[in-house]
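In what follows, a single structure is set out as structure tokens and then discussed.
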Amino acid sequence: VSFPPGATALERTAWGVRRFFATAVTTGEEVEVLEVPWDIPLQHADTAMLLANRMEALKQLSLSPYFPDYLGCDFSSYEGAGLHFLRKRQGFCLRRLVAELGPLPEGHPLLRLWCRELLKALRDYLYQCSQELTEDITLAHVFAFQEGTTVLLQGVPFGDTRGAIIDELPELGPDRRWRNGFDAMEARLAAMFARMAL
């Protein structure tokens with residue numbers, strides 16, 4: 001990526017993470033860059049872990065069209081910081097849209113489209129991502145773009161690896177422990193979907 005001269009951070013956290021936009025050299029598109037310092041104050045270790053979990057989840061969901069595209073990282077070019085690259089965020093928040101315009105009628109084609117896309121997004125999360133959700137997904141995380149025809153989940157609160165290690169099944173092991181939590185997570189996602197659809 002190339003950074004514009006004198007680029008200023010759009011956001012800066014108390015522990016040193018900076019968020020800004022840069023231009024991809026090969027494609028010319030604008031990308032979001034997260035600059036994460038190597039040295040993190042101890043009091044911010046939990047927050048840093050949440051960011052690491054978020055980046056890991058986006059890597060796992062890179063095949064899903066319903067989550068922000070993780071474009072890669074650069075941990076060697078800059079001294080004292082690692083960079084993560086994401087496709088620039090797009091769209092409008094469905095929670096804001098419902099608050100301003102009210103809910104769509106039950107049989108409205110756009111509502112049916114959004115519900116179908118949202119179910120596919122939750123399915124992708126369930127089967128492609130091993131990170132737990134620290135909070136429920138709500139309409140605040142659902143964004144529509146391309147004139148409302150595409151749904152994207154942004155700012156999803158990812159946590160640590162989900163599931164529990166089962167001692168009686170050593171073949172699962174710590175790397176695959178999340179696979180034993182499908183039933184509970186599926187029920188939780190179904191409840192989240194029901195709350196969003198209402």
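Counting begins at 1 with the first residue of the sequence. Since the model is a prediction, treat every value here as computed from it, not as a measurement.
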**Study point:** CZ/R123: more than 12 non-hydrogen atoms of other groups inside 6.0 Å
**Key:**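 Enclosed.
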**Study point:** L101 side, atom CG; R96 side, atom CZ - distance, nearest 0.5 Å
**Key:**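 One gets 13.0 Å once the value is rounded to the nearest 0.5 Å.
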Check your understanding: If you round to the nearest 0.5 Å, how far is CG of L94 from NE2 of H141?
Key ->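 Going from NE2 on H141 over to CG on L94, the span is 12.5 Å.
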Which pair of non-hydrogen atoms, one from [X] and one from [Y], has the smallest distance, and what is that distance?
X	Y	answer
C129	F158	SG-CE2, 4.2 Å
V31	A24	CG1-CB, 4.4 Å
M196	V142	SD-CG2, 4.0 Å
I40	A48	CD1-CB, 3.6 Å
V33	A22	CG2-CB, 3.8 Å
F20	E35	CE2-CB, 4.1 Å

Review point. Using 30° and 60° as the class limits, which term best fits the ring planes of Y70 and H84: parallel, tilted or perpendicular?
Key: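 Tilted: the ring planes of Y70 and H84 meet at 30° to 60°.
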Exercise for review: Please work out which of the three classes, parallel, tilted or perpendicular, describes the rings of H44 and W15, given edges at 30° and 60°.
Suggested key: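 Rings of W15 and H44: parallel, under 30°.
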Are [X] and [Y] joined in one hydrophobic group, where the rule is that I, L, V, M, F, W and Y side chains link up if heavy atoms are under 4.5 Å apart?
X	Y	value
M192	L111	yes
L139	L113	yes
F143	L61	no
L118	L104	yes
M49	L58	no

**Study point:** Check ion pair K88-E32 (N to O, under 4.0 angstrom)
**Key:**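 No salt bridge links K88 with E32.
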Answer yes or no: is there a donor N or O on one side and an acceptor on the other, between the side chain of [X] and the main chain of [Y], under 3.5 Å?
X	Y	value
T23	E29	no
R195	A190	no
Y127	L122	no

Point to revise | Results of side-chain hydrogen bond (donor to acceptor under 3.5 Å, both in side chains) for E106 - residues two or more places apart only | key: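 Checked E106 against side-chain hydrogen bond (donor to acceptor under 3.5 Å, both in side chains); zero matches.
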Review point. Do V36 and L83 pass the side-chain contact (heavy atoms from CB on, under 4.5 Å) test, and can you show the C-alpha distance, the side-chain angles, and the key distance before you say yes or no?
Key: CA-CA 6 Å; V36 183; L83 303 179; over 6 Å; no
**Study point:** Any donor-acceptor N or O pair under 3.5 Å, side chains Q60, S130
**Key:**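 Checked: Q60/S130 side chains pair up, N/O donor to acceptor below 3.5 Å.
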Output side-chain donor-acceptor pairs under 3.5 Å for residues 62-69, partner residues at least two apart or in another chain, one line each.
| residue | atom | partner | partner atom | Å |
| --- | --- | --- | --- | --- |
| S62 | OG | K59 | O | 3.0 |
| S64 | OG | Y66 | N | 3.2 |
| S64 | OG | D124 | OD2 | 2.6 |
| Y66 | OH | E117 | OE1 | 3.3 |
| D69 | OD2 | R87 | NE | 2.6 |
| D69 | OD2 | R87 | NH2 | 3.4 |

